[in-house]
Asker: 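Next up is a structure, given as structure tokens.
Each residue takes its place number in the sequence, starting with 1. We use all heavy atoms of the structure for the numbers below, so side chains are in, but hydrogens, waters and symmetry mates are not.
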Amino acid sequence: MAEPSTISPAPLLKDELDIVIPTIRNLDFLEMWRPFFQPYHLIIVQDGDPSKTIKVPEGFDYELYNRNDINRILGPKSSCISFKDSACRCFGYMVSKKKYIYTIDDDCFVAKDPSGKDINALEQHIKNLLCPSTPFFFNTLYDPYRAGADFVRGYPFSLREGVPTAVSHGLWLNIPDYDAPTQLVKPLERNTRYVDAIMTIPKGTLFPMCGMNLAFNRELIGPAMYFGLMGDGQPIGRYDDMWAGWCTKVICDHLGLGVKTGLPYIWHSKASNPFVNLRKEYKGIYWQEELIPFFQSVTLPKDCTSVQKCYIEISKQVKAKLGKVDDYFNKLADAMVTWIEAWDELNPSGAKSAELSNGASK
């Protein structure tokens with residue numbers, strides 16, 4: 001009898017996906033991820049002092065950009081990329097030439113499932129992105145395309161084909177992604193609940209997108225993944241991924257694309273300082289009470305048939321409606337336009353292919 005093959009299957013999308021990591025420190029955390037990440041290309045965006053040398057473990061295929069590189073590549077348009085904030089990661093999305101992006105923070109480690117097996121978060125994200133979403137009708141067995149599940153009785157057959165998945169939003173064991181007030185009230189709280197579920201976020205429903213364990217189809221939604229103006233010189237922080245998530249979800253709803261949340265989990269190892277976080281967040285905590293109704297009321301005209309057109313339209317509405325909340329939003333609206341201009345300069349073919357012929361008709 002022949003010996004069973006020990007050859008590992010080829011990594012999914014090995015030549016079609018970049019891993020983007022923002023950092024200010026040596027990337028020792030990659031050692032734990034080596035079995036899962038080593039076959040892929042890494043884009044490291046170094047924040048803070050560009051003269052500092054970031055050490056990357058041997059054996060990884062990567063390119064590293066610091067602030068000097070960002071300024072050199074984008075010139076005056078580099079003003080749209082945040083400094084001293086993990087929002088700088090979106091520069092990596094812009095310079096990537098791959099179809100898919102996975103982004104992870106450097107304090108996120110490999111989690112274990114309830115059986116004790118290491119979770120290959122990247123593989124699960126890829127599976128999420130490669131199977132359809134169901135934003136127009138909720139399936140009570142969650143993701144109907146997973147093994148052991150299906151569409152339940154009463155689910156319209158006309159909607160069972162689903163729509164392309166643009167975003168896969170993963171979760172975290174150990175340190176939850178809480179805001180500063182919740183951190184202060186629950187300093188010892190840890191997330192130990194592993195929920196074996198993936199679901200499509202329904203059309204018309206916003207969600208708080210966390211950027212520390214996130215994957216997306218760059219060709220479908222990349223230009224909307226702008227993490228805003230945060231950090232140095234800005235009145236707000238820790239809302240970079242939130243802003244990107246709200247813009248992205250509105251555009252996905254308009255273009256008939258899907259957003260999934262749930263598996264995979266990573267192990268979030270380190271709680272950030274709640275007092276520092278409060279200083280960064282406090283304006284956002286007030287502003288979000290205006291921001292959420294704004295995004296809930298955004299409507300995009302039918303001639304917005306590409307992500308870029310949608311994003312420019314949102315920037316106009318930001319300036320018109322949120323500019324009166326604070327002048328920061330006028331600056332942010334301008335930066336949104338600059339971001340799209342820079343994206344199209346670095347991705348000239350993508351600017352043309354981003355046109356969706358019938359996306360706005362959903």
Side-chain angles (χ1 to χ4, degrees), residues 22 47 70 74 76-91 93-94 167 177 179-181 204-211 214 216 221-255 259 276-301 303-304 306-344:
D47 197 17
I70 294 171
L74 295 185
K77 292 186 173 66
S78 64
S79 60
C80 72
I81 304 297
S82 298
F83 184 56
K84 295 187 178 175
D85 193 281
S86 65
C88 67
R89 80 178 76 217
C90 62
F91 177 76
Y93 310 160
M94 184 188 281
V167 180
D177 187 28
D179 53 37
T205 300
L206 296 173
F207 76 111
M209 188 177 82
C210 172
L214 177 73
F216 59 93
I221 202 64
M225 280 288 180
Y226 176 46
F227 275 45
L229 288 177
M230 303 281 151
D232 196 47
Q234 307 301 337
I236 185 176
R238 284 173 56 84
Y239 275 85
D240 49 337
D241 41 9
M242 300 293 134
W243 184 263
W246 296 328
C247 292
T248 294
K249 186 58 166 63
V250 167
I251 293 173
C252 282
D253 286 352
H254 176 73
L255 295 178
V259 177
V276 173
N277 289 348
L278 188 60
R279 280 202 301 273
K280 294 178 179 179
E281 289 175 3
Y282 79 94
K283 283 184 182 290
I285 290 168
Y286 286 105
W287 287 346
Q288 70 184 18
E289 301 306 319
E290 309 251 10
L291 296 178
I292 302 306
F294 165 76
F295 280 105
Q296 287 172 330
S297 67
V298 167
T299 55
L300 299 172
D303 63 357
C304 286
S306 72
V307 176
Q308 285 93 329
K309 286 180 180 178
C310 291
Y311 203 73
I312 294 296
E313 175 60 29
I314 292 175
S315 76
K316 292 175 184 173
Q317 296 187 33
V318 167
K319 183 164 273 195
K321 296 180 181 175
L322 295 178
K324 59 190 81 167
V325 174
D326 192 276
D327 189 51
Y328 165 75
F329 292 102
N330 290 318
K331 284 172 57 182
L332 178 55
D334 291 339
M336 292 168 73
V337 175
T338 302
W339 160 264
I340 293 296
E341 291 170 353
W343 182 284
D344 285 348

Asker: List the atom of His254, the atom of Cys310, and the distance in Å for their closest heavy-atom pair.
Answerer: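 Reported closest heavy-atom pair: CD2-SG, 3.5 Å.
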Asker: Any idea how Tyr226 and Trp339 line up, ring-wise: parallel (<30°), tilted (30 to 60°), or perpendicular (>60°)?
Answerer: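 Parallel: the ring planes of Tyr226 and Trp339 meet at under 30°.
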Asker: Can we say Arg89 and Asp47 salt-bridge, meaning some charged N sits less than 4.0 Å from an Asp/Glu carboxylate O?
Answerer: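 No.
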Asker: Taking Tyr328's backbone N and O only, do any of them form a donor-acceptor pair with Gln234's side chain (distance below 3.5 Å, no angle check)?
Answerer: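 Absent.
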Asker: So, taking the atom named CG in Asp232 and the one named SG in Cys88, what distance separates them when rounded to the nearest 0.5 Å?
Answerer: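 Answer rounded to 0.5 Å: 12.0 Å.
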Asker: Out of Cys304, Cys247, Pro223, Ser306, which residue meets the side chain to side chain contact (heavy atoms under 4.5 Å, CB included) rule with Tyr311?
Answerer: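 For Tyr311, the side chain to side chain contact (heavy atoms under 4.5 Å, CB included) test succeeds with only one of Cys304, Cys247, Pro223, Ser306, which is Cys247.
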Asker: If every non-hydrogen atom of Val167 is compared with every non-hydrogen atom of Ile221, which pair is closest and at what distance?
Answerer: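 Residues Val167 and Ile221, closest heavy atoms: CG2-CG2, 4.3 Å.
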Asker: Please tell me if the side chains of Lys319 and Asp334 come closer than 4.5 Å, counting only heavy atoms from C-beta onward.
Answerer: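 Yes; the side chains approach each other to less than 4.5 Å.
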Asker: How far apart are the closest heavy atoms of Glu313 and Pro301, and which atoms are they?
Answerer: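 Scanning both residues, the minimum pair turns out to be CG-CD, 3.9 Å.
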Asker: Distance from Asp85 atom CG to Leu229 atom CG, nearest 0.5 Å?
Answerer: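 If we round to the nearest 0.5 Å, Asp85:CG and Leu229:CG are 10.0 Å apart.
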Asker: Indicate yes or no: at least one non-hydrogen side-chain atom of Asp303 is less than 4.5 angstrom from one of Lys309.
Answerer: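 No; the side chains remain at least 4.5 Å from each other.
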Asker: When rounded to the nearest 0.5 angstrom, what is the spacing between CD1 in Ile251 and CD in Gln308?
Answerer: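 Reported value, rounded in 0.5 Å steps: 9.0 Å.
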Asker: Which residues pass the ring-ring contact (aromatic ring centres under 6.0 Å, His included) test with Phe294, not counting sequence neighbours?
Answerer: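 None.
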Asker: Would you say Phe207 has more than 12 foreign heavy atoms packed within less than 6.0 Å of its CZ?
Answerer: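 Result for CZ/Phe207: enclosed.
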Asker: Does the salt bridge (Lys or Arg N to Asp or Glu O under 4.0 Å) test come out yes or no for Asp253 and Lys249, once each step is laid out?
Answerer: CA-CA 6 Å; Asp253 286 352; Lys249 186 58 166 63; 2.9 Å; yes
Asker: What distance separates Phe227 CZ from Cys80 SG, expressed to the nearest 0.5 Å?
Answerer: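 Atom-to-atom, Phe227:CZ and Cys80:SG are 13.5 Å apart.
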Asker: For residues Gln288 and Glu281, determine if any side-chain heavy atom of one lies less than 4.5 Å from a side-chain heavy atom of the other.
Answerer: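 In short, these two side chains do not touch, never coming nearer than 4.5 Å.
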Asker: Which heavy atom of Met225 sits nearest a heavy atom of Met209, and at what distance?
Answerer: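 Taking Met225 first and Met209 second, the nearest heavy atoms are SD-CE, 3.7 Å.
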Asker: Supply the atom-to-atom distance Phe216 CZ to Thr248 OG1, rounded to the nearest 0.5 angstrom.
Answerer: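 Reported value, rounded in 0.5 Å steps: 8.0 Å.
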Asker: Between Trp287 and Tyr239, does the ring centroid distance fall short of 6.0 Å?
Answerer: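 Centroid separation for Trp287 and Tyr239: 6.0 Å or greater.
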Asker: Is a side-chain donor or acceptor of Ser82 paired with a backbone partner of Gly228 at a separation under 3.5 angstrom?
Answerer: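 Checking the backbone N and O of Gly228 against the side chain of Ser82, a donor-acceptor pair under 3.5 Å is found.
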Asker: Under a 4.5 Å cut-off applied to non-hydrogen side-chain atoms, are Leu74 and Met94 in contact?
Answerer: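 In short, these two side chains touch, coming nearer than 4.5 Å.
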Asker: Mind listing the closest non-hydrogen atom pair of Ser86 and Asp240 along with its distance?
Answerer: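 Minimum heavy-atom contact is OG-OD2, 3.5 Å.
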Asker: Would you give the length of the straight line joining atom CG of Asn330 to atom OG of Ser315, rounded to the nearest 0.5 angstrom?
Answerer: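 Asn330 atom CG to Ser315 atom OG measures 11.0 Å (nearest 0.5 Å).
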Asker: Going by side-chain hydrogen bond (donor to acceptor under 3.5 Å, both in side chains), name the residues that satisfy it together with Asn277, two or more places apart in sequence or in a different chain.
Answerer: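 By the side-chain hydrogen bond (donor to acceptor under 3.5 Å, both in side chains) rule, Asn277 matches Gln183, Ser272.
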Asker: Should Trp243 and Ile236 count as side-chain neighbours, where that means a heavy-atom distance under 4.5 Å?
Answerer: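 When only atoms from C-beta onward are counted, Ile236 and Trp243 do not touch, as no gap falls below 4.5 Å.
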